[in-house]
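In what follows, a single structure is set out as structure tokens and then discussed.
Chain A is the first sequence line, chain B the second, and so forth, proteins listed ahead of strands; every chain is numbered from 1.
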2 protein chains.
Amino acid sequence: MGKQATEMLKGTLEGIVLAILSGQPAYGYEITAWLREQGFSDIAEGTIYALLVRVEQRGLVDVEKVPSEKGPPRKVYSLNAQGREYLEEFWRTWSFLAERLEQLREGGK
Amino acid sequence: MGKQATEMLKGTLEGIVLAILSGQPAYGYEITAWLREQGFSDIAEGTIYALLVRVEQRGLVDVEKVPSEKGPPRKVYSLNAQGREYLEEFWRTWSFLAERLEQLREGGK
DNA sequence: ACCGGTACTCAGCAACACCAAGTAGTTCGC
DNA sequence: GCGAACTACTTGGTGTTGCTGAGTACCGGT
């Protein structure tokens, strides 16, 4: 993906990760791998970890340290009540944006 | 709109403005007013002007100075060939993102 | 003369994603 | 048992972007 994606991801990536966590708890390495599979080929690993630290500090997720069989202990994140609220808000904002853009795409042709 | 919108607009706002210009030429003040009408209530005026300067420097738009009846001269921007190409690319990136998010929204419920 | 609407500019700030490198633990081949 | 490869997280610095707030300037109506 081009560099347009980089800028477009700002703000959206956070929602994406929270949405993933709303399905089931997960840890950084896992999330990164999953995103890569989904086609977000060039998402930097560091980006995800930094994002997770951020949402943790804002109290949107709970963290649990779980020992791993193959490597250092994992930090498993799960969405809490406040995070769910925030995710709802994210979807509202996203819907608004998506609607306007869809309109523009049709009208602009 | 919350501050989630601010971050989500990064990268998207540029596409929005270019999409507007793909319909017909326009000037900054006009674009700002139109966006406000469309519900982008808190888009700062300065933001649009800065964005227009940027896309101009990248050669995505052509500019023409037109005298106004009520105020300083207007800088009327119109999308050129390169800009159209860039806009296409924008739509591709957007589609990709929108698809993944739609999937996530359904799967996550 | 002044205020409100039109129209654009500029300087400084904060947030976010990227990049590069580093730290550590485990497993597997030589 | 030593290094490579994979797992897993951390840290410091960079560039782009949108926001804030103030400033400039031109016009019309009261």
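- Between A:K75 and D:dT10 there is a side-chain N or O to OP1 or OP2 distance below 4.0 Å.
- A straight line from CD of A:E30 to P of D:dT7 spans 12 Å, rounded to a whole angstrom.
- To the nearest 0.5 Å, the span separating OG on B:S41 from CZ on B:R36 amounts to 8.5 Å.
- In this structure, the CG atom of A:L51 is 13 Å from the C1' atom of C:dC18, given to the nearest Å.
- Evaluation of atom-type donor-acceptor distances gives a pair under 3.5 Å for the side chain of A:K10 against the base of C:dC16.
- Checking C:dC16, D:dT17, D:dT20 against the side-chain heavy atoms of B:E7 singles out C:dC16 as nearest.
- For the pair A:Y49 OH and C:dG22 C1', the computed distance is 14 Å after rounding to whole Å.
- You'll find that the side chain of B:P72 is closest to D:dA25, out of D:dA25, C:dC8, C:dC18.
- Closest heavy-atom contact between A:A19 and A:S22: O-OG, 2.8 Å.
- Of the possible polar contacts, one joining the B:Q4 side chain to the A:Y86 backbone as a donor-acceptor pair under 3.5 Å is found.
- In this structure, B:F90 places its CZ atom 13 Å from P of D:dT17, rounding to the nearest Å.
- In this structure, B:M8 places its CE atom 18 Å from C1' of D:dT16, rounding to the nearest Å.
- When the nucleotides D:dT20, D:dT17, D:dT10 are ranked by their closest atom to the side chain of B:R54, D:dT17 comes out on top.
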**Request:** Could you go through the ring pair (Phe, Tyr, Trp, His ring centres under 6.0 Å) check for A:F96 and B:F40 one step at a time?
**Result:** CA-CA 10 Å; A:F96 173 80; B:F40 294 98; 5.2 Å; yes
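- Among the atoms of the strands shown, only primed sugar atoms or phosphate atoms (P, OP1, OP2) are found under 4.0 Å from some heavy atom of A:E14.
- Between A:A50 and A:E69, it is A:A50 whose nearest contact on DNA chain C lies nearer the 5' terminus.
- In the set C:dC16, D:dT17, C:dT6, the nucleotide with an atom closest to the side chain of B:S68 is C:dT6.
- The CD-P distance, from B:E45 to C:dT6, rounds to 10 Å in whole Å.
- The side chain of B:K70 has C:dT6 as its nearest neighbour among C:dT6, D:dC19, D:dC9.
- A salt bridge between A:R58 and A:E14 is present, with a side-chain N of the basic residue lying under 4.0 Å from a carboxylate O of the acidic one.
- Comparing B:V53 and A:G11 along DNA chain C, the residue whose closest nucleotide (by nearest heavy atom) sits nearer the 5' end is B:V53.
- Of the candidates D:dT10, D:dC19, D:dT17, D:dC19 carries the atom nearest the B:I43 side chain, counting heavy atoms from C-beta on.
- In this model, the phosphate group of D:dA8 is approached by a side-chain N or O of A:Y27 to a distance below 4.0 Å at OP1 or OP2.
- Residue A:I48 contributes atom CD1, which lies 13 Å from atom P of C:dC19 at whole-angstrom precision.
- The residue among A:G71 and B:L13 whose nearest nucleotide of DNA chain D is located toward the 5' end is A:G71.
- Among D:dT16, D:dC19, C:dT6, the nucleotide with an atom closest to any side-chain atom of B:T6 is D:dC19.
- Rounded to whole Å, atom P of C:dC8 lies 13 Å from atom CD of B:E64.
- Not a single donor-acceptor pair under 3.5 Å links the side chain of A:D62 to the backbone N or O of A:L79.
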